[in-house]
Amino acid sequence: MSGINLFQQFSARFGQIAVLIDPEKTNREEQLLPLALKAEFAGVSYFFVGGSTVSRKEIETTISLLKKLTQIPVVIFPGGNQQLSAEADGILYLSLVSGRNPDFLITHHVNSALEVFQLGIEVIPTGYILVDGGTKSSVAYVSQTTPIPCDQKSIAVSTALAAVLQGKKVIYFDAGSGAKDCVPAEFISELRKYTDLPVIVGGGIRDIDRIRNYHESKTNVIVIGNRLEENLDFLLDIQAYVKNS
Ligand code: 1GP
């Protein structure tokens with residue numbers, strides 16, 4: 001087990017940046033090395049690794065390379081119970097609480113529980129809430145669940161609070177990869193009236209104003225995926241923001 005305590009790090013402050021790596025697209029050292037170097041320069045706090053249809057081998061290879069290339073903590077963001085690696089610093093142990101598909105609430109967890117125990121990595125029970133991002137996301141398709149509409153703040157907050165009452169330590173609001181509409185920041189500011197637990201947000205985040213908006217709404221971790229797949233230089237803008245915030 002690494003010496004890092006991810007839950008404590010998540011909790012420590014607002015406005016931390018995580019870079020999401022999909023090992024189906026990014027898995028070679030020639031891709032990961034520049035990403036790792038630029039992310040370190042930019043002050044990125046975490047790498048999240050996972051995707052809806054990623055294989056065990058892809059996740060293991062990518063995490064193994066990352067651990068050689070960077071000191072930034074590597075966190076599994078699993079799309080299914082095969083996405084495990086003993087080399088990761090921890091795993092977001094997701095329950096898709098916005099959905100009503102038992103596979104993503106308990107079946108995957110039962111199938112992998114013994115193995116997760118034996119990995120010995122930090123397990124972070126996470127209430128994962130899918131929000132309508134204006135496109136059919138791969139998570140909605142694969143999980144066969146309906147996202148919470150963007151204008152349903154009360155449902156979103158009640159869903160998050162139910163997860164907290166069930167013992168989840170972290171809430172992740174996700175509009176899905178490549179979302180047109182991001183998760184409304186008001187979901188987070190409203191949730192903050194009830195809990196101090198760490199909140200993660202992702203899906204369609206493409207500019208610094210949006211990052212600032214989430215930061216000001218007391219979001220602990222802001223996840224960027226697609227925008228960096230298109231152009232790594234966005235990390236320069238992130239560097240300037242992180243340095244001055
Ligand atoms: C999706 O939260 C992530 O699960 C990131 O989304 O790829 O749109 O940044 P993007």
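Atoms within a ligand are numbered from 1 in the order they appear, just like the ligands themselves. Values below: all heavy atoms of this structure, side chains included; hydrogens, waters and symmetry mates excluded.
Below 4.0 Å from some heavy atom of Phe77 lie the following atoms of ligand 1, by number and element: 4 (O). Residue-ligand proximity, Gly204 to ligand 1, at heavy-atom distances under 4.0 Å covers atoms 6 (O), 8 (O), 9 (O), 10 (P). Listed by number with element, the atoms of ligand 1 under 4.0 Å from a non-hydrogen atom of Gly178 are 7 (O), 8 (O), 10 (P). Atoms of ligand 1 lying under 4.0 Å from at least one heavy atom of Gly202, given by number and element, are 2 (O). Near Tyr172, the atoms of ligand 1 lying under 4.0 angstrom from a non-hydrogen atom of the residue are 2 (O), 3 (C). Close contacts between ligand 1 and Asn226 involve ligand atoms 7 (O), 8 (O), 9 (O), 10 (P) [criterion: under 4.0 Å to a heavy atom].
Considering backbone and side-chain N/O atoms, Val223 never comes within less than 3.5 Å of an N/O atom of ligand 1.
The pair Asp209-Arg212 meets the salt-bridge criterion, since a charged nitrogen lies less than 4.0 angstrom from a carboxylate oxygen. With respect to the salt-bridge test (charged N to carboxylate O, under 4.0 angstrom), the residues Asp89 and Lys67 qualify. With respect to Lys218 and Asp196, no salt bridge is recorded, no charged nitrogen being found less than 4.0 Å from a carboxylate O.
Linking ILVMFWY residues whenever their side-chain heavy atoms come closer than 4.5 Å, directly or via other members, places Phe77 and Val116 in the same cluster. Hydrophobic clustering (ILVMFWY, side-chain heavy atoms < 4.5 Å, transitive): Val242 and Val44 are in one cluster.
Counting heavy atoms under 4.0 Å from ligand 1, residue Phe48 does not touch it at all.
Protein heavy atom closest to atom 3 (C) of ligand 1, with residue, atom name and distance, is Leu20 CD2, 3.6 Å. At the top of the distance list for atom 9 (O) of ligand 1, counting protein heavy atoms only, stands Gly225 N, 2.8 Å. For atom 4 (O) of ligand 1, the closest non-hydrogen atom of the protein is Asp174 OD2, 2.5 Å.
The shortest side-chain heavy-atom distance between His109 and Phe104 does not fall under the 4.5 Å cut-off.
Ring orientation note: the planes of Phe48 and Tyr172 are tilted relative to one another, at an angle of 30° to 60°.
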Go through Ser85 and Glu60 one step at a time and tell me if the side-chain hydrogen bond (donor to acceptor under 3.5 Å, both in side chains) criterion holds.
CA-CA 5 Å; Ser85 160; Glu60 280 183 339; 5.7 Å; no

